[in-house]
Amino acid sequence: MDFSRRKTGFLLSIALFQASASVLVIVQVAVAQTSNDERRQRHSEGYCAMYDICGERSDRKVVNCPYGSPAVKPDELLSSKIQSLCPTITGNVCCTEAQFDTLRSQVQQAIPLLVGCPACLRNFLNLFCELTCSPNQSLFINVTSISKIKNNSTVDGIDFFITDDFGEGLYESCKDVKFGTMNTRALEFIGAGAKNFKEWFAFIGRRAPNNMPGSPYAIQFLPTVPESSGMKPMNVSTYSCRDVSLGCSCGDCPSSPACSNTAISTSNKGATCSVQIGSLKAKCVDLALAILYIVLVSMFFGWGVFHRTRKRSRSFRMKPFTDAAEGGESHSLSRQKADNLPMQRLEDANQSSTGVQLSVVQGYMSDFYRKYGLWVARHPTLVLSLSVGMVLVLCLGLVRFKVETRPEKLWVGPGSKAAEEKRFFDSNLAPFYRIEQLILATIPDALNGKSPSIVTEENIKLLFEIQKKIDGIRANYSGSMISLTDICMKPMGEDCATQSVIQYFKMDPSYDADDRLEHVNYCFQHYTSAESCMSAFKAPVDPSTVLGGFSGSNYTEASAFIVTYPVNNALDKEGNETQKAVAWEKAFVQLAKDELLPMVRSRNLTFSFSSESSIEEELKRESTADAITILISYLVMFAYISLTLGDTPRLSSFYISSKVLLGLSGVLLVMLSVLGSVGFFSAIGVKSTLIIMEVIPFLVLAVGVDNMCILVHSVKRQPLDFPLEGRISNALVEVGPSITLASLSEVFVFAVGSFIPMPACRVFSMFAALAVLLDFLLQVTAFVSLIVFDFLRAEGRRVDCFPCIKASSTYAESEKGIGGRKPGPLARYMKEVHAPILNLWGVKIIVVAVFVAFALASIALSTRIEPGLEQKIVLPQDSYLQGYFNNVSEYLRIGPPLYFVVKNYNYSSESIDTNKLCSISQCNSDSLLNEIARASLTPESSYIAKPAASWLDDFLVWLSPEAFGCCRKFTNGSYCPPDDQPPCCSPNDTACGLSEVCKDCTTCFRHSDLHNDRPSTAQFRDKLPWFLDALPSADCSKGGHGAYTSSVELTGYESGIIKASSFRTYHTPLNKQIDYVNSMRAARKFASRVSDSLKMEIFPYSVFYMFFEQYLDIWKTALINLAIAIGAVFIVCLVITCSLWTSAIILLVLAMILVDLMGVMAILGIQLNAVSVVNLVMSVGIAVEFCVHITHAFSVSSGNRNERVKEALGTMGASVFSGITLTKLVGVLVLCFSKTEVFVVYYFQMYLALVLLGFLHGLVFLPVVLSMVGPPSRCIRVEKQDERPSVSSQP
């Protein structure tokens, strides 16, 4: 079961604190250089448009002087500095050393984002280098306005003339560059997600208000210069990311020639064979089955015509012998007189008898039942005491009875690959966090059905009110009061990583914002760059994680707020940490029900909620939700049993002929068999499940009732002039073999379910198999004894239910006057109406054609059955989670996190594993991260939404000398943080510059220290802990603390092998069960392909995989188990009947019932899962009863096939209809009132379909098949050997 929709990527933004909040400040330095002389501008080579810094705004952004002076020759040190950053700038420059140092300190914020693609980085730096220091600055810069700061003239606006070719080249080289930490493009940070270079330039040139990131004044980028101005656009050559010499990775540059050899993997999802016939498009399987049906029906009709023609021809040739044939009328009359006698009695006592030549096994069974019936009838008390006593001993095991409610123990097998991968992930990296979630949504408009936006001032205020109540929760655990801050996830160690829109206000209701609505809309667009939009836990908050019901990036149209509280998880589910969380979650759910729900609804909004423990708690509640429904079902079945076991009601004798006490006793025996089964397995330590407690009693009752009805009806068919022990003996001989055959088949079939890997279904099958076996044993022992007592009661004229009261002799006299019981109305209908209609040749053709047509149609329909089990179905219909799951599917716009876990990564310099994994410069084109990025380009088939966040890429960039603000060291060799972090910068400082503390810090490595830009084994080993402890900030967004803290297992890494590491991406939104199954299949297929290619052990992991793994091979599991079940029935039938012919017919009918049931599943939209597989397997056992009794009666009847069908329906048809069909039907119908949809779908609908299909096949299709191709009769003519009628059994 999928509980994973709640496990979506709500911590996407936690990774964001590796991104700078002020990357765009780069432009302020460049703009500060862009000045103009307030008196005169000269646009010619060798001249500046501005030079030096002339002022500082109130927010400390510097602006330059509008001096149109000639370019200045720098000293040698400044020249070398400029060359290191701006190799295109040579000779004279238009910047001072202070200006360049400011530029360098600011541009370092963008370098970590772009260093993975040297072409992009080079073009990006050239843009600002030319703007800042170009000696020909005046040719493409025109100061359009100036302002005064402290009486100094400063630049207030400029025109920047730049060619479209440069803009296009810059954008094309950078548009696909990834920012791995964010699983998104770098342009989201340095370009606000620009779709082309014009949007990017417009973002860069936007004038920023005070204390907001961006330019201190407007920059207008123009492609053409004014005529006769002497100016010309800047057009420095751009580098293409396709340039192999610059080494952009495939992930950053999919168009690179190095990437063209690796084809994008596509899935054949949805690829099915189809045929176009005119305007009609049909699946190949449908067309093939249609053709097959036409062929089969044609062959059948042709065979029928041939058979009829041949029969008529033979009849014409035999006409001279008509007189002899007429002699058969006396024989028919003799048979008519014997209709009310048992099928195995003498038909002509004076001349000869009809015996039955049984198989060896049936012969032994008949002999056993004959002797056993006599013994039971003589010793009913002893048999009843021994049988009930043995089952009561088994019930003693109930003292160790326990119920398993944990989902992972119910739905995940011990040998599960996904479970093993989860254990590896949890133990080596970190258990996936717990999720507590609220969803508030607007109500759709009644006219157009469109939901209004939820982003309003009033609703934001409501979120603050809700948050105040959440913060006020205090849950009692072992005497201590637990609050959210005690258990929540804190990436930076201080504030909870709550995902909510109010994080844009630092979770502070008094946050200083002039207009809350305007501020939040601003943050939707600038959440990655605006400092004012940073969360309280110092990370950007992605709007897609806190909003729902929007399309594309239209966040203002969102119709839902999604509030998520990530809570720390623990490996020990019974430990204190987990129990604290569970205690808080219970208080959280109670608050949501009692206070939050009415509060939100009063604002005309919908409200849903969930906690990590909600599903488990609701499953526990489900155990009592349908107690009344199930009880009513049992009472209805009991009432029906009491009626059907008794004789035809007559006012004068109903209180004696009724079988209420017998029916009640039979029901108690069924309950006893269930308790015995549960007691036995409890004694050996097997935990029960809720489904066992609710379904198995009903199932065993439905199965056990059949045997009760058949046994009682068989005894009632015996002549009253036989003594009771003779009637019991003859009844057991008559129906004992078929009851044994049906019961053993059911036991074997249910036992087959124990091969299903899902624990809940495996345990269910084990309990059911033993319960059915015990029920069968009690039926042929204790219940037979009860039949003896009941018939003795009736013959003793004692009142039913009150056997101590004796009635008058009227009843006995009336019974004696009968001389024998006549068949009831149902038996007469079966023999005199139903059978003759089925024997009509035209009816046979119609029946076969219809049933075969539906079977073939069901085969076609069964291919449309989808795997899965909707979570909503498993829960009570009044559960608060029903609305929650509906809202999750409707509003969420992000899929579950997906991790690709790498085992035993060898990072030593001798290994090439690093280049096999990374996706920056010089990495393999088919590396893991490049393949993930490539797969994300086809999300419809790969189900991968974004490139992966790579700790390895970020670590290599963090080490790089180009990222000079990241990996730094003090002179003593210890770690030196970026300049905007303590101790380099005090937390109280509003702005940080070059401090005395860190002025001597140097980069960890020079280029000469690295080999091909890769660290040595020792360098990797020494600096990896630094990286994982480094805090992200504006000066270095690549710090690994928080985003990658749990991505690398450092235990034992000193040996050069990292045991486990993970790379995080996200699935696309998964709305249906089939989406979860297909996404898991696609991820595993992808990981397998990449593992084989890279010769590394890689597996995918997502929190829902453990529950959905079963569906990857559910069809294989189903078909294997069904084949074994049908095979078991076939073997049992073959062993007992010793007739391949009979067994084959039973096998055919069972297969058709099974196929038809799957067709009904497809029509009703019932999914294929372990529950439905168990039902299908059980349906084989239940369907046996509809076939075995009729087939057995047919085989021991005499006459031609039509006559034998008539005889079989007359003797067993009524029992099958009343004792099997109706008993199950009345019990099943009550389940439609269940409060839990899983009962309605998987038990009411499937069992109702099974009962109806079994009835139609057993009493319509099977008789027709037997009348046409039934096995030969086992009746033989024998001479009379003794005077007392008896059964002749010959092995």
Side-chain angles (χ1 to χ4, degrees), residues 10 12-14 16-17 19-25 27-28 57-61 182 188-193 202-204 206-216 218 438 440-442 452-468 470-471 495-550 552-564 603 605 893 990-991 1034:
F10 300 114
L12 172 63
S13 60
I14 287 179
L16 299 182
F17 46 91
S20 166
S22 55
V23 168
L24 298 181
V25 180
V27 301
Q28 67 175 285
R57 295 195 336 173
S58 60
D59 59 0
R60 305 193 67 177
K61 291 182 180 178
M182 269 286 294
E188 298 291 339
F189 295 89
I190 60 175
F203 173 75
I204 292 174
R206 190 171 48 196
R207 189 182 192 281
N210 283 343
N211 299 311
M212 299 297 288
S215 170
L438 307 173
L440 295 78
T442 55
S453 174
I454 198 172
V455 185
T456 64
E457 183 82 23
E458 294 77 14
N459 291 335
I460 293 173
K461 182 180 179 181
L462 175 62
L463 284 182
F464 277 113
E465 295 175 12
I466 291 174
Q467 187 60 44
K468 183 178 180 180
I470 297 294
D471 290 336
D495 296 284
C496 296
T498 300
Q499 300 294 294
S500 175
V501 165
I502 58 176
Q503 282 285 11
Y504 296 131
F505 304 95
K506 316 295 186 197
M507 303 291 286
D508 183 4
S510 62
Y511 183 84
D512 185 17
D514 296 334
D515 187 330
R516 280 181 173 175
L517 193 57
E518 181 181 349
H519 175 73
V520 79
N521 287 332
Y522 175 82
C523 290
F524 290 161
Q525 303 302 322
H526 305 93
Y527 67 95
T528 58
S529 56
E531 177 66 29
S532 60
C533 298
M534 287 294 164
S535 66
F537 60 96
K538 300 178 178 62
V541 175
D542 189 337
S544 63
T545 66
V546 297
L547 297 173
F550 58 88
S553 299
N554 299 322
Y555 301 123
T556 56
E557 298 178 359
S559 57
F561 283 147
I562 300 171
V563 184
T564 308
R603 311 294 178 88
L605 299 174
R893 294 296 183 266
T990 56

*Go through the structure and list residues passing side chain to side chain contact (heavy atoms under 4.5 Å, CB included) with S553, not counting sequence neighbours.*
Y555

*asked:* Among residues at least two apart in sequence or on other chains, which ones pass side chain to side chain contact (heavy atoms under 4.5 Å, CB included) with S559?
replied: T442, S451, Y891

_So does T498 get a backbone contact from the side chain of Q503, meaning a donor-acceptor N/O pair under 3.5 Å?_
yes

*Counting distance only, does the side-chain N/O of K506 pair as donor-acceptor with the main-chain N or O of M534 below 3.5 Å?*
yes

State, with a plain yes or no, whether a side-chain heavy atom of [X] is found less than 4.5 Å away from one of [Y].
X: L462; Y: L605; answer: yes
X: S544; Y: Y527; answer: no
X: F561; Y: L438; answer: no
X: L440; Y: L463; answer: yes

*If we ignore angles and hydrogens, is there a donor and acceptor under 3.5 Å between the side chains of Q467 and D471?*
yes

*Can N459 and T456 be counted as having a side-chain donor-acceptor contact under 3.5 angstrom?*
yes

If you look at every heavy atom in [X] and [Y], which pair is closest and at what distance?
X: C533; Y: Y522; answer: SG-CD2, 3.9 Å
X: A536; Y: D495; answer: O-OD2, 3.0 Å
X: S535; Y: V541; answer: CB-CG2, 3.6 Å
X: V546; Y: Q499; answer: CG1-C, 3.5 Å
X: L547; Y: A558; answer: CB-CB, 3.9 Å

*Verify the neighbour count for atom CD of E518: are there more than 12 heavy atoms of other residues, nucleotides or ligands below 6.0 Å?*
no

Rounded to the nearest 0.5 Å, what separation is found between the [atom1] atom of [X] and the [atom2] atom of [Y]?
X: E458; Y: R516; atom1: CD; atom2: CZ; result: 11.0 Å
X: D508; Y: F464; atom1: CG; atom2: CZ; result: 7.0 Å
X: C496; Y: I470; atom1: SG; atom2: CD1; result: 12.0 Å
X: F505; Y: C523; atom1: CZ; atom2: SG; result: 7.0 Å

*Pair V455-N521, side-chain contact (heavy atoms from CB on, under 4.5 Å): steps then yes or no*: CA-CA 9 Å; V455 185; N521 287 332; 4.0 Å; yes

_Qualifying residues under ring pair (Phe, Tyr, Trp, His ring centres under 6.0 Å), relative to Y504, sequence neighbours excluded_ = F524

